[in-house]
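What you see below is based on every heavy atom in this structure, not just the backbone, and it leaves out hydrogens, waters and symmetry mates.
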Amino acid sequence: SDSEDMGIVLSNRAACWLAMEKHKLAATDAWSATKCAPRNAKAWYRAGMAELELGHIGAAVHAARKASALAPKSAQVRKLRNDAETRLVKNANLYQELPAARA
């Protein structure tokens, strides 16, 4: 369909933005791609990669889990999910160590 084709185009452009380290542009295109083609694992993967680079860990985990559901055998997706979830746990542990968090 036209929507799926646009999803592929946006996902591919997101890959280009990632290669150029333009993470905000990559995230914008990748999220748009997931709306056009919600079963496009590469779009979810690229959204996760961009969000992880931007430090948006929750969004990265969400995207990585979606990619993982669509491409469970992909080593790249597994690595992204592991990296994002590890960062999420580390951030949670850091938050718990803050004195204000205990109050």
*asked:* Please find the pair of heavy atoms, one from Ala67 and one from Ala41, that lie closest to each other, and give the distance.
replied: CB-O, 3.8 Å

*Is it the case that one hydrophobic cluster holds both Trp31 and Leu10, taking links as side-chain heavy atoms less than 4.5 Å apart, direct or via other members?*
no

_Under the side-chain hydrogen bond (donor to acceptor under 3.5 Å, both in side chains) test, residues paired with Lys35 that sit two or more places apart_ = none

*Which pair of heavy atoms, one from Glu51 and one from Ala27, lies closest together, and at what distance?*
OE2-CB, 3.9 Å

*How far does CZ of Arg39 sit from OG1 of Thr34, to the nearest 0.5 angstrom?*
13.0 Å

*Minimum heavy-atom separation for Ala14 to Ala30, with atom names?*
CB-N, 3.8 Å

*Could I get the full list of side chain to side chain contact (heavy atoms under 4.5 Å, CB included) partners for Ser11, not counting sequence neighbours?*
Ala33, Asn40, Lys42, Ala43, Arg46

_Check this for me, if you would: do Asp83 and Lys79 make a salt bridge, where the nitrogen-to-carboxylate-oxygen distance has to be below 4.0 angstrom?_
yes

_So, taking the atom named OH in Tyr45 and the one named OG in Ser68, what distance separates them when rounded to the nearest 0.5 Å?_
12.5 Å

_Which residues pass the side chain to side chain contact (heavy atoms under 4.5 Å, CB included) test with Glu53, not counting sequence neighbours?_
His23

*In terms of hydrophobic clusters joined by side-chain contacts under 4.5 Å, are Leu88 and Leu80 together?*
yes

_Distance in Å, Met49 CE paired with Leu18 CG, rounded so as to fall on 0.5 Å steps_ = 6.5 Å

*Geometric cation-pi criterion Lys22 and Trp17, 6.0 Å radius, 45° cone*: no

*Compare all side-chain heavy atoms of Leu25 with those of Asp29 and state whether any distance is below 4.5 angstrom.*
no

